[in-house]
Each structure stands twice: as structure tokens, then as C-alpha cells.
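Report on one structure; see the data block that follows.
Everything numeric here is computed off the predicted structure, so don't read it as measured data. Labels below follow one simple rule: chain letters A, B, ... track the order of the sequence lines, proteins then strands, and each chain is numbered from 1.
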Amino acid sequence: MPHPKRKISKSRRDKRRTHYKASAPSLTSCSNCGEMKLSHRACPNCGYYAGRSMFVPES
Amino acid sequence: MRHGVKGRKLGRTSSHRKATLEALATSLFKHKKIKTTLAKAKTAKTFIEPLITKAKNDSVHARRLIASQINERKVVQELFNVIVPKIGDRPGGYLRVVKLGQRFGDAAQMAILELVDFNDVASKKKESAPKAKAKAEPKQKAEAKPKAAAKVKEEDVQDANVIEETAEVKTDENIEEKKEDSAEKENK
């Protein structure tokens with residue numbers, strides 16, 4: 001069976017990993033209460049989505 | 001290739017999946033709105049909407065067909081006597097799925113599945129809207145308070161270096177203050 005001829009150096013390994021990045025969540029401001037919320041999801045603060053109340057928050 | 005492969009298995013055997021979907025249908029007709037995972041909500045939608053379409057034709061046969069897939073007799077009556085009349089002439093699309101975000105614990109995508117004609121929270125809009133406004137204002141106060149509390153803590157720490165006994169008493173007071181603060185926040 002074939003095997004790697006050389007150990008991958010720390011430099012090569014780390015250079016490969018420069019492309020592993022976390023992406024920022026796509027936030028928008030809620031059209032009802034103005035809080036920041038994830039897009040395409042009901043607002044966790046006021047419970048509204050698309051101008052419609054989906055649930056009443058507990059507090 | 002996965003051409004033409006429809007539906008989700010939901011990690012269940014066939015009988016378990018059937019039981020889950022029937023339970024979801026029963027709950028939905030009972031409560032008009034249920035919170036579940038996104039995958040289950042989407043699958044239940046394809047299971048429940050044909051049931052409602054069948055229920056539009058009110059006959060003994062239709063009632064028996066639906067009763068075979070709904071776990072409670074009263075819920076079948078509710079479907080035929082309350083839900084179908086309110087749905088009226090809507091040509092399909094009886095259900096709505098709205099995403100909620102991730103659940104704590106397993107980070108599952110959650111969603112609300114509801115009957116489009118039974119969005120009862122809409123009638124509570126007037127009650128909930130003032131609350132939302134009221135929330136926005138106290139937040140500024142809430143932000144200000146922790147800073148003040150932090151200052152108090154720093155002072156106490158300085159005192160603690162001088163006299164240990166009084167510091168203990170003061171930390172007790174601090175705890176009480178925190179409790180009061182949290183109680184006030186809850187009230188808001």
C-alpha cells in the first residue's frame with residue numbers, strides 16, 4: 001500500500017488550515033421590535049415573523 | 001444517485017415513524033400550533049395536509065379513514081366540526097412552518113407548525129406588542145445596573161483587604177443585592 005513519503009511540516013499543515021474559517025451569522029434587524037435576529041427565523045425577542053406573531057415570549 | 005427519493009426517515013423504523021406522524025397530527029389538531037424540530041415539522045406537513053383535504057368531504061367513510069390515523073376520537077370530531085369549517089375554501093396550504101433557530105442541548109433546528117387559519121397569537125398581538133415596547137426601554141436601565149453593581153464589588157474587594165470580617169458581611173449583602181436585581185429583571 002502507498003504511504004506518504006514525508007511528514008507534513010507544521011508550516012504546510014498550518015497553511016492548509018488558513019482556509020478553515022468561521023463565517024459570521026447573517027443577522028438582520030427585526031421588523032417588529034428592531035432587535036438583531038437570524039434571517040428567515042422568528043424573532044426570539046418578540047416572537048414575530050413576516051409581520052405575524054408566532055409566539056409570545058415568556059418574559 | 002438519489003433521484004426520486006422523497007421524504008425523511010427521521011431515524012426511525014417504519015412503524016415508529018408512522019406512530020410519530022400520527023401523534024404529531026393529533027397534537028396539531030388538538031392545539032392548532034405545535035413546536036417541534038424542523039425536519040419533523042416538514043415531514044408532518046406532508047402527512048397532515050392530505051388528511052385535512054380528505055376531511056373536507058364529511059362522510060362516514062372519510063371520518064373512518066381519518067380516525068384510523070388519529071389517536072383520539074375527540075380530535076377527529078374537532079377536525080371535522082371546528083377546523084374544516086374555518087379552513088373553508090382554502091385550496092391546500094393549510095399549514096405553516098416557521099423556523100425558530102437552534103435548540104439548546106443538541107442544537108436541533110426548531111420550528112413552529114401551525115394551522116394557517118388558527119394563528120391565535122394574532123389576536124393577542126395587541127397584548128404582546130406593548131410588552132415588546134416596554135422591554136426595549138428597561139434594557140437601557142438593565143445595562144446600566146450591572147456596571148453599578150460591578151463598581152460596588154470593586155469597592156468591597158478593596159475593603160476586604162483591610163478587614164476580613166466586614167468583607168464577609170458585605171459579600172452577603174452583595175448576594176442579596178444580586179437577588180433583588182435578578183428579581184427586578186424578572187418582573188420587567
Side-chain angles (χ1 to χ4, degrees), chain A, chain B residues 27-28 31-39 41-42 45 93 95-104 107-143 181-188:
Chain A
M1 286 290 287
H3 283 301
K5 189 172 187 178
R6 294 250 176 273
K7 176 179 179 175
I8 299 245
S9 68
K10 286 172 203 162
S11 169
R12 279 204 114 172
R13 182 200 65 199
D14 293 347
K15 273 195 273 182
R16 181 173 66 240
R17 291 182 184 170
T18 59
H19 292 284
Y20 299 174
K21 291 166 192 165
S23 57
S26 55
L27 295 175
T28 54
S29 61
C30 173
S31 57
N32 183 56
C33 69
E35 284 279 307
M36 295 305 280
K37 71 174 195 68
L38 284 169
S39 50
H40 305 116
R41 280 160 189 78
C43 175
N45 185 49
C46 64
Y48 270 64
Y49 183 70
R52 193 179 286 118
S53 179
M54 293 311 297
F55 64 92
V56 178
E58 287 177 13
S59 55
Chain B
S27 298
L28 181 75
H31 303 288
K32 318 294 184 274
K33 172 184 291 215
I34 55 176
K35 182 178 169 187
T36 180
T37 63
L38 182 61
K42 284 182 171 178
K45 196 179 178 208
L95 303 183
R96 175 185 293 130
V97 175
V98 173
K99 290 173 200 158
L100 290 180
Q102 292 177 325
R103 170 165 70 188
F104 284 110
Q109 288 257 30
M110 299 303 286
I112 279 180
L113 177 65
E114 71 170 4
L115 288 157
V116 170
D117 295 301
F118 285 82
N119 189 351
D120 289 338
V121 189
S123 57
K124 294 176 192 167
K125 255 184 190 176
K126 287 162 193 170
E127 294 172 16
S128 63
K131 278 182 191 170
K133 283 178 187 172
K135 262 186 194 170
E137 290 167 8
K139 269 195 179 169
Q140 296 171 348
K141 292 175 190 172
E143 283 170 10
D181 277 0
S182 60
E184 283 175 10
K185 281 174 190 172
E186 282 174 7
N187 289 337
K188 281 164 193 170

**OP:** Decide if atom NZ of K35(B) counts as having more than 12 heavy atoms of other residues, nucleotides or ligands within a radius under 6.0 Å.
**Re:** no
Original post:
Looking at side-chain heavy atoms only, is the closest gap between Q109(B) and R41(A) below 4.5 Å?
Top reply: yes
**OP:** Could you look at L100(B) and say if it's the side chain, the backbone, both or neither that has a heavy atom under 4.5 Å from chain A?
**Re:** both
Subject >> Gap separating the NZ atom of K33(B) from the CZ atom of F55(A), nearest 0.5 angstrom >> reply: 9.0 Å
Subject >> Considering all heavy atoms, the nearest A42(A)-V98(B) contact >> reply: CB-CG1, 3.9 Å
Original post:
Between atom CE of M54(A) and atom CZ of R96(B), what is the distance when rounded to the nearest 0.5 Å?
Top reply: 6.0 Å
